[in-house]
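The chain is numbered in sequence order, starting from 1.
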Amino acid sequence: MSAAFLPSFAARAATPRSDAPAAYKDATAALGKLHDVHFMKRHAQILQRDKQGPVGLVFLGDSITEMWSKAPEVWKSNFAAYHPANFGIGGDFTQNVIWRIENGELDGISPRVVVLMIGTNNTLANTAPEIVSGIHRILDLIRARQPQARILLLALLPRGPRWQPYNQTFDDAVHRMQVIREVNRLLPPLADGHTIRFLDLTADFTGPDGQVRADLLADKLHPSPAGYAVIAKEISPLLREMMR
């Protein structure tokens, strides 16, 4: 894919929200969290995993990816044969994933498939076009460093009203869901149906009333073990095709 995609989205982007952290205005810029202990610890663990043996399947993203560790049996039964690696770090924005790739996380390995889900943490600071531009940048970086890999791009999962422990506020999720729906509408053109596949699991995680399913998203954001089982069930057929 060409970087020429970026200007078209940038031109459509609305003025960033005034309450957005200044460092997160540009969703396509590399941004490390060098003073964040968890971020740097996970980054070091991922670099170490790159050296520990074959990696055939990479899951790349934020806490929703990192928390596959809460469903170890689902992970093992569905993905173990592919030599999977979890490259998720809680709290990551698109900018942080860009920094991680530029700082070696996809070096020295040769995965057949990369599963990417990122952007939900950007939904307060960035517009949908800005987030999609950040995701596009990540796709370009994956393709540059792992040209043999296919990419399964997952839509952002829905979210519901929840307490935000990081800033001690309650988020009604109305604004975030508006952004998420627009991001998911804009993502399909990034997929070519072969090298990059797209899958939207929104319908699996919402009920007839359009609200998130508490049995699958217990805290209205992160999947429960049952939620991860749903993800595994839905992506497994695609992974079998893409791993060939």
Side-chain angles (χ1 to χ4, degrees), residues 57-82 84-90 92 94 97 113-124 128 131-132 135 138-139 150-163 171-194 196-243:
L57 173 63
V58 168
F59 285 77
L60 180 62
D62 50 38
S63 58
I64 294 172
T65 297
E66 183 177 0
M67 289 174 66
W68 272 104
S69 60
K70 303 296 184 182
E73 292 305 315
V74 176
W75 177 271
K76 180 179 179 181
S77 62
N78 287 276
F79 311 130
Y82 303 136
N86 186 328
F87 287 9
I89 300 184
D92 268 13
T94 55
V97 172
V113 176
V114 176
V115 179
L116 175 66
M117 183 196 293
I118 191 65
T120 194
N121 292 319
N122 291 80
T123 55
L124 184 61
I131 294 168
V132 173
I135 293 170
I138 292 168
L139 293 173
R150 295 178 177 179
I151 302 168
L152 176 54
L153 174 62
L154 298 181
L156 303 190
L157 293 180
R159 34 191 309 161
R162 66 190 302 269
W163 180 254
D171 177 18
D172 64 11
V174 173
H175 168 76
R176 287 183 183 268
M177 277 305 303
Q178 290 172 342
V179 177
I180 285 171
R181 284 190 287 269
E182 181 67 2
V183 168
N184 291 344
R185 187 184 72 80
L186 296 172
L187 284 179
L190 298 184
D192 60 15
H194 177 67
I196 302 174
R197 304 283 291 271
F198 174 74
L199 182 63
D200 188 343
L201 300 177
T202 300
D204 295 278
F205 285 87
T206 51
D209 60 356
Q211 300 301 307
V212 297
R213 289 181 51 179
D215 58 327
L216 301 182
L217 294 169
D219 68 352
K220 306 299 179 66
L221 174 61
H222 301 97
S224 62
Y228 283 109
V230 168
I231 296 174
K233 177 183 177 182
E234 294 298 329
I235 70 174
S236 287
L238 279 174
L239 289 181
R240 284 193 292 271
E241 292 180 22
M242 297 170 76
M243 294 292 292

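Taking 4.5 Å as the limit, some side-chain heavy atom of S236 sits within range of a side-chain heavy atom of R240. Using a 4.5 Å heavy-atom threshold, the side chains of P223 and M67 count as separate. Side-chain contact between L116 and F87 is absent, with no heavy-atom pair separated by less than 4.5 Å. A heavy-atom distance below 4.5 Å is found between the side chains of M117 and L157. The shortest side-chain heavy-atom distance between L239 and V115 falls under the 4.5 Å cut-off. Between V230 and L201, every side-chain heavy-atom pair lies at or beyond the 4.5 Å cut-off.
Comment: E73 does not engage K76 in a salt bridge, judged by the lack of any side-chain N to carboxylate O separation of less than 4.0 angstrom.
Taken to the nearest 0.5 Å, the CD1 atom of I180 stands 4.0 Å off from the OG1 atom of T120. Put simply, OG1 on T123 and CG on N121 are 7.0 Å apart, with the number rounded to the nearest 0.5 Å. With rounding to the nearest 0.5 Å, the separation of CE in M242 from CG in L152 is 5.0 Å. Annotation: the span from K70 atom NZ to W75 atom CH2 amounts to 14.5 Å, rounded to 0.5 Å. Note that the CD atom of Q211 and the CG atom of L217 stand 12.0 Å from one another [nearest 0.5 Å]. Rounded to the nearest 0.5 angstrom, L154 CG and I64 CD1 are separated by 10.0 Å.
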**Request:** Evaluate the criterion side chain to side chain contact (heavy atoms under 4.5 Å, CB included) for residue pair E241 and R197; output intermediate values, then yes/no.
**Result:** CA-CA 11 Å; E241 292 180 22; R197 304 283 291 271; 3.3 Å; yes
**Item:** Worked verdict on F205 versus I231 for side chain to side chain contact (heavy atoms under 4.5 Å, CB included)
**Value:** CA-CA 10 Å; F205 285 87; I231 296 174; 3.6 Å; yes
**Derivation and outcome, side chain to side chain contact (heavy atoms under 4.5 Å, CB included), residues H194 and R150** = CA-CA 8 Å; H194 177 67; R150 295 178 177 179; 3.0 Å; yes
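Put simply, the side chain of N122 gets close to the backbone of T94: a donor and an acceptor are under 3.5 Å apart. Listed for the S224 side chain is a donor-acceptor partner under 3.5 Å among the backbone atoms of G227. A donor-acceptor pair is defined here as one N or O able to donate and one able to accept, closer than 3.5 Å; such a pair exists between the side chain of N86 and the backbone of T65.
Here the closest non-hydrogen pair linking K220 and V212 is CD-CG2, 3.4 Å. Looking at every heavy atom in both residues, I118 comes nearest to G61 through CD1-C, 4.1 Å. Considering all non-hydrogen atoms of both residues, F198 and L187 come closest at CE1-CB, 3.6 Å. Across all non-hydrogen atoms, the minimal contact from T206 to P158 is CG2-CG, 3.8 Å. A pairwise comparison of heavy atoms in A71 and P225 identifies CB-CA, 4.1 Å as the closest pair. Taking each heavy atom of N184 and A155 in turn, the nearest pair found is OD1-CB, 3.3 Å.
Aromatic ring pairs are classed by plane angle as parallel below 30°, tilted from 30° to 60° and perpendicular above 60°; the pair W68 and F79 is perpendicular.
With R162 as the partner, the salt bridge (Lys or Arg N to Asp or Glu O under 4.0 Å) test is satisfied by one option alone out of D171, D172, D219: D219.
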